[in-house]
Every structure is written in structure tokens, then in C-alpha cells.
Amino acid sequence: MTKQYNWGILAPGKMAAKFANGLKTVKNATLYATGSRDKARAAKFAIEHGFRKSYGSYEELAADPGVDIVYIASPHSHHHDQAILCLKNKKAVLCEKAFALNTVQVEEMIAEAKKHNVFLMEALWPPFQPFYLKAHEILETGILGRIIHLHAYFSFIPPFDPADRKFNTSLGGGSLLDIGIYPVIDALTFLGVPDEIKARALFGETGAEESVSAIFRYDNGAMATIYSSFKTNVGIGCDLICEKGNLTLSRGRDMNQRVIFGLHGKEKETIVFNPPALGYHWEAEEVMNCLENGLVESPVVPLSFSLDLIRTLDRIRHEAGIVFPGVDM
């Protein structure tokens with residue numbers, strides 16, 4: 001790949017900083033522009049991370065003819081409108097998870113991308129990571145047999161701030177879209193779309209769901225249990241209980257990836273990965289590779305997977321009674 005791609009960062013914050021650090025390691029990526037509703041914040045981020053330009057509005061960033069790709073790192077509630085803004089300006093879009101608040105919004109984003117024939121991808125971290133790829137490799141050998149049960153979880157205890165996006169329902173707050181999405185990705189990746197879902201949630205003082213549990217049932221007999229919470233500190237993991245053995249995926253937030261597997265009655269093997277740049281650079285590389293090959297969606301994270309994901313999240317919300325203001329189920 002020889003072409004240089006100019007990247008724009010929309011909504012500079014903690015997540016954007018992680019992604020920008022990964023972007024710095026990709027040789028054909030140019031840190032070009034940042035955009036925020038706060039011009040000073042955009043300028044500060046640009047200086048700190050080495051971007052050439054900064055804008056005090058999202059519209060200015062999207063309209064800049066020099067921008068090739070926009071990475072959207074705003075709260076979930078803003079993804080839909082901001083992605084459509086960028087797509088209308090013919091910018092390739094890599095949008096943070098959750099793609100949007102509900103299925104209708106995601107469908108509108110995809111329709112806009114197709115209307116303008118512009119690239120669109122949800123920024124899903126797991127599919128590009130070594131531990132995920134290794135799990136696929138092990139499962140595809142058939143050595144562990146069929147998956148009987150999957151148990152996936154993600155929980156930690158953040159500082160409580162009612163205005164923070166994690167606890168603010170108007171921003172799509174709650175554990176489900178912020179961290180519960182990862183266990184759901186695990187289930188969809190390894191077992192597919194469930195045939196039946198049962199879910200329950202516990203709500204905090206802001207009305208945001210702070211813990212959610214779900215059971216997925218599949219017509220082939222497999223089951224999955226999903227758990228996310230801001231009230232416990234279980235960590236991050238996925239246990240695959242199979243016919244002939246077990247496989248566990250775990251990680252410490254964005255690093256220290258582990259795959260533990262073994263056949264029944266035999267010693268387990270542990271494989272550890274610590275990818276550079278916390279693994280975010282692979283998402284950027286995927287976008288640029290797709291653009292280089294004239295693709296408008298990623299074969300690794302196709303839009304069909306994002307649709308399956310948001311539809312499953314909507315089913316969980318409906319079952320658990322999780323509601324965002326002004327947003328239909």
C-alpha cells in the first residue's frame with residue numbers, strides 16, 4: 001500500500017486518544033485533523049497527538065476536502081447523526097461501538113453509506129486481535145468438538161458521575177452498550193444469532209442500567225450466558241465449554257490477551273499476546289486496505305454483522321426494559 005490516507009478524529013476524548021496512538025504506528029496513515037464542538041479542546045488534542053489541523057465544529061471537519069477517513073469517538077447517542085454527516089460529505093467512516101442506539105439508526109447509517117457509495121465500518125476491537133484469531137484457529141481444527149455453552153462477561157467499577165456517558169441515559173448510558181456489547185460480540189462470533197433471548201437488568205439512581213444478564217438459547221441445543229456490570233469487578237472473559245474440552249479467552253482491558261485451552265483430562269495450554277498500540281492500529285489498517293481495494297465495507301466486520309449485533313442488543317433491551325429517552329426499542 002503506497003497511498004497516504006488523511007485521518008480526521010471526531011470528538012477527541014479518551015477513546016480517541018487510544019485510537020490516535022495506534023494510528024501513529026501505521027505508516028500510511030496521516031494524522032490530519034481533529035474536530036470538536038469545543039475549538040480549544042480540538043486544538044489541544046491536535047497539538048498533543050500531532051494532527052495538522054483542528055476545527056471547532058464537526059461540520060467543518062466533515063467538509064474539509066483533505067480528510068479521507070473520519071474516526072467517530074463520541075458517545076453512542078451521537079453516532080447516527082455524525083456518521084450521516086460524514087457520509088454525506090463522502091468521507092469514509094470508522095465509527096466506535098455501539099454503532100448507534102438502535103436498529104433503525106444503524107439501518108439509516110448503512111442506507112446513507114450505500115446511497116453515496118462510501119465506506120462504513122463499526123470499530124469493533126475483538127475481531128482483529130491475536131487471541132480472537134487464535135481461538136478461531138483452535139475451534140476450526142475440531143479438536144474441542146461442538147460448543148455446548150458460552151459464558152461471556154465484562155465488568156468493572158468506574159467512579160460514579162451522573163453526567164458521565166456511562167450513567168447518562170440520554171447518551172446511551174448503561175453497561176450494555178458500553179461493555180456488555182463485548183460478551184454479545186463473543187456469542188455472535190462463536191455461536192451466531194440466538195433463537196431465543198431472556199434478559200434482566202438492575203438500574204441505578206440515574207435510571208441507567210448498571211448490570212445486565214442474558215441467556216441465549218439456540219435451536220441446535222447450545223446456550224450462552226451474557227453478563228455486564230458497573231457494580232462488580234469480575235474482569236473480561238469468555239469461556240467456551242465444548243464437547244471434548246474447554247477454551248477460555250481473557251484480557252486485561254486492551255492488553256494481556258490470553259487463550260487457555262485443553263482437552264478433558266489433559267493439561268491445559270496458555271498462550272499470551274501483548275499486541276503493540278493496544279491493537280487499535282489493525283482497525284485503521286483494515287479501513288485503508290479496504291479503500292485501497294475499492295471496498296465499501298469490511299469483510300472482517302461486515303455491515304451484516306453490525307446489523308446482527310444491534311438487533312441482538314435491541315432484543316436484550318426489550319427483554320430487560322432498558323429504554324433511552326426518545327429512542328424506540
Side-chain angles (χ1 to χ4, degrees), residues 1-11 15-16 19 22-23 26 28-30 32 58 61-62 65 67-74 76 78-130 132-133 136 177 181-182 184-193 279-315:
M1 187 186 301
T2 56
K3 177 178 169 59
Q4 285 292 124
Y5 289 91
N6 289 340
W7 282 79
I9 300 286
L10 190 155
M15 191 61 239
F19 186 79
L23 208 55
V26 183
N28 58 314
T30 298
Y32 180 75
Y58 304 137
L61 175 67
V67 174
D68 297 311
I69 309 164
V70 176
Y71 168 72
I72 297 175
S74 55
H76 316 305
H78 299 344
H79 290 175
H80 168 266
D81 291 351
Q82 292 165 350
I84 287 180
L85 169 68
C86 294
L87 293 167
K88 283 182 175 178
N89 280 271
K90 302 295 182 70
K91 308 304 183 190
V93 171
L94 175 64
C95 181
E96 259 308 325
K97 58 80 191 164
F99 225 4
L101 292 180
N102 65 5
T103 300
V104 171
Q105 291 186 347
V106 170
E107 288 174 341
E108 289 175 352
M109 290 160 63
I110 292 172
E112 196 70 27
K114 291 182 177 179
K115 175 182 176 181
H116 299 287
N117 197 35
V118 180
F119 182 90
L120 174 64
M121 177 180 132
E122 188 172 8
L124 299 186
W125 184 85
F128 299 96
Q129 303 308 311
Y132 237 60
L133 298 175
H136 279 298
L177 295 192
I181 191 171
Y182 289 104
V184 175
I185 290 170
D186 292 340
L188 295 184
T189 297
F190 297 113
L191 288 174
V193 177
Y280 288 100
H281 62 298
W282 286 311
E283 295 173 36
E285 289 178 351
E286 174 67 5
V287 175
M288 293 183 291
N289 284 332
C290 288
L291 294 179
E292 195 81 1
N293 290 287
L295 302 178
V296 291
E297 67 176 287
S298 163
V300 178
V301 187
L303 295 174
S304 59
F305 185 87
S306 291
L307 278 171
D308 285 342
L309 179 56
I310 194 65
R311 287 166 179 162
T312 303
L313 292 168
D314 277 359
R315 290 169 68 188

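The figures that follow rest on heavy atoms only: side chains count, while hydrogens, waters and symmetry mates do not.
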### Query
So how far is it from Y280 OH to F128 CZ, rounded to the nearest 0.5 Å?
12.5 Å
### Message
For Y5 versus E292, what's the shortest heavy-atom pair and its separation?
### Response
OH-OE1, 2.7 Å
### Message
Quick one, L188 and V193 - any side-chain contact, counting heavy atoms below 4.5 Å?
### Response
yes
### Task
Find out whether F99 and L307 are in side-chain contact, i.e. whether some heavy atom of one side chain is under 4.5 Å from a heavy atom of the other.
no
#### Entry: Heavy-atom check, side chain of E96 versus side chain of I72, under 4.5 Å
no
### Query
Measuring from K114:NZ to E297:CD, what's the distance to the nearest 0.5 Å?
6.5 Å
### Message
Apply side-chain contact (heavy atoms from CB on, under 4.5 Å) to residues F305 and T189 and explain how you reach the verdict.
### Response
CA-CA 9 Å; F305 185 87; T189 297; 3.9 Å; yes
### Query
Roughly how far, to the nearest 0.5 Å, is CE of M15 from OH of Y71?
4.0 Å
### Task
Could you walk me through whether R311 and E107 pass salt bridge (charged side-chain N to carboxylate O under 4.0 Å, His left out), step by step?
CA-CA 10 Å; R311 287 166 179 162; E107 288 174 341; 3.5 Å; yes
### Query
Is there a side-chain contact between Y132 and F190, using heavy atoms and a 4.5 Å cut-off?
yes
### Task
Please name the pair of heavy atoms, one in K91 and one in A62, separated by the smallest distance, quoted to 0.1 Å.
CE-O, 2.8 Å
### Message
Distance check, rounded to the nearest 0.5 Å: D314 atom CG versus L309 atom CG?
### Response
10.0 Å
## Note on the structure
In I84, L85, L120, I69, the residue satisfying side-chain contact (heavy atoms from CB on, under 4.5 Å) with V93 is L120
### Message
For the CG atom of L61 and the OH atom of Y32, what is their distance to the nearest 0.5 Å?
### Response
9.5 Å
### Message
Between V26 and M288, is there a side-chain heavy-atom distance shorter than 4.5 Å?
### Response
yes
### Query
To the nearest 0.5 Å, what is the distance between CD (E283) and CG (L23)?
11.0 Å
### Query
Are any non-hydrogen side-chain atoms of L101 and H80 less than 4.5 angstrom apart?
no
#### Entry: Residue pair K97 / I185, side-chain heavy-atom distance below 4.5 Å
no
### Nearest non-hydrogen partners of N28 and Q4, listed with the distance
CA-OE1, 2.9 Å
### Task
Write down the atom of C86, the atom of L10, and the distance for their closest heavy-atom approach.
SG-CD1, 4.0 Å
### Summary
Heavy atoms of A100 and Q105 approach each other most closely as CB-OE1, 3.4 Å
### Message
I'd like to check E122 versus I181 (side-chain heavy atoms, cut-off strictly below 4.5 Å). Are they in contact?
### Response
yes
#### Entry: Check: N6 side chain, D68 main-chain N or O, donor-acceptor pair, under 3.5 Å
no
### Nearest atoms (heavy-atom pairs only) where W125 meets G279
NE1-C, 4.1 Å
